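Below is one structure; the comments refer to it alone.
Start at 1 with the first residue, then count along the sequence. Owing to the predicted nature of the structure, the values given are computational and were not obtained by experimental measurement.
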Amino acid sequence: MSEGFKGGCLCGAVSFECSAEPMFQANCHCDDCRKSGGGVYASFAFVDASTISISGEMGSYEHLSDSGSTMTRHFCRECGSPVFHQNSRAPTRLGVRVGLIDAAHWFKPQANVYASRRIPSTPVDPEIKAFDKMRS
């Protein structure tokens with residue numbers, strides 16, 4: 001992957017540009033990620049908030065995770081596309097939704113988290129580490 005990436009929401013009202021490679025890449029199979037995006041799992045590129053610039057008006061939704069931290073999910077107010085999330089345990093780390101990244105051919109998840117909640121018919125690469133819950 002060349003350094004950095006860019007992308008945006010479905011309607012184009014929100015766009016982002018990251019100047020660094022992701023710190024971590026993962027698929028999440030938890031109920032919250034499935035419900036917030038409508039898929040059988042969500043794929044994320046985790047970046048330091050200082051490396052990404054985001055333009056456009058976003059809404060947010062906060063809820064408690066199973067560990068008791070606050071999850072804040074940010075989405076486009078126009079089309080509803082989920083853009084990124086933050087966890088209060090690591091507030092400077094953003095989980096950017098890979099589906100919104102232009103040319104995300106470089107994405108290779110390093111882990112499947114909440115594998116214990118995976119929908120059984122969801123195919124997973126056995127070469128990728130799987131964790132029953134969120135990796136610390």
Discussion item. Which heavy atom of Thr51 sits nearest to which heavy atom of Asp48, and what is that distance?
Written reply: OG1-O, 2.7 Å

Worksheet item: Are Phe5 and Pro22 side-chain neighbours, meaning at least one heavy-atom pair lies under 4.5 Å?
Response: yes

Item to complete: Group every Ile, Leu, Val, Met, Phe, Trp and Tyr by side-chain heavy-atom contacts under 4.5 Å, then state whether Val47 and Trp106 land in the same group.
Response: yes

Worksheet item: Minimum heavy-atom separation for Glu3 to Ser19, with atom names?
Response: OE2-O, 3.0 Å

Practice prompt. Please report the shortest heavy-atom distance between Phe107 and Ser43, naming the atom on each side.
Written response: CZ-CB, 3.7 Å

Practice prompt. Indicate if Met58 and Met71 have the same hydrophobic cluster label, given that clusters are the connected sets of ILVMFWY residues with side-chain heavy-atom separations under 4.5 angstrom.
Written response: no

Discussion item. Please check this pair: side chain of Gln86 against backbone of Thr72, looking for a donor-acceptor N/O pair closer than 3.5 Å.
Written reply: no

Worksheet item: So how far is it from Ser60 OG to Phe84 CZ, rounded to the nearest 0.5 Å?
Response: 9.0 Å

Worksheet, complete the sentence: d(Ile54 CD1, Glu17 CD) to nearest 0.5 Å is 11.5 Å

Worksheet item: Do the side chains of Tyr114 and Asp32 get nearer than 4.5 Å, heavy atoms only?
Response: no

Worksheet item: Aromatic rings Phe46 and Phe24: how do their planes relate, parallel, tilted or perpendicular, breaks at 30° and 60°?
Response: tilted

Discussion item. For a 4.5 angstrom cut-off between non-hydrogen side-chain atoms, does His85 reach Phe44?
Written reply: yes

Discussion item. Less than 4.5 Å apart, side chain to side chain, heavy atoms only: is that true for Phe16 and Leu100?
Written reply: yes

Fill in: NZ-NE2 distance between Lys35 and His63, expressed to the nearest 0.5 angstrom
10.5 Å

Discussion item. Once rounded to the nearest 0.5 Å, what's the spacing between atom CG of Asn87 and atom CG of Leu94?
Written reply: 11.5 Å

Discussion item. Is the shortest side-chain heavy-atom distance between His29 and Val124 below 4.5 Å?
Written reply: yes

Discussion item. Is any side-chain heavy atom of Arg97 closer than 4.5 Å to one of Ser81?
Written reply: no

Practice prompt. Check each of Cys9, Ser53, Ser55 against Ser15 using the side chain to side chain contact (heavy atoms under 4.5 Å, CB included) test, and report the only one that passes.
Written response: Ser55

Worksheet item: What heavy-atom pair brings Pro82 and Ser36 nearest, and what distance separates the two atoms?
Response: CG-O, 3.9 Å

Item to complete: Go through the side-chain N and O atoms of Arg34 and Thr122 and say whether any donor and acceptor fall under 3.5 Å apart.
Response: no

Worksheet entry | Gln25 side-chain N/O to Lys108 backbone N/O, donor-acceptor pair under 3.5 Å | yes

Discussion item. With a 4.5 Å cut-off on side-chain heavy atoms, are Cys18 and Val96 touching?
Written reply: no

Worksheet item: Which heavy atom in Ile101 sits nearest to a heavy atom in Ala45, and how many Å separate them?
Response: CD1-CB, 4.2 Å

Worksheet item: Crowded around Leu64 CG? As in, over 12 foreign heavy atoms under 6.0 Å?
Response: yes

Item to complete: Please indicate whether Tyr41 has more than 12 foreign heavy atoms, meaning atoms of other residues, nucleotides or ligands, lying under 6.0 Å from its OH.
Response: no

Fill in: Nearest non-hydrogen partners of Pro109 and Asn27, listed with the distance
CG-ND2, 3.5 Å

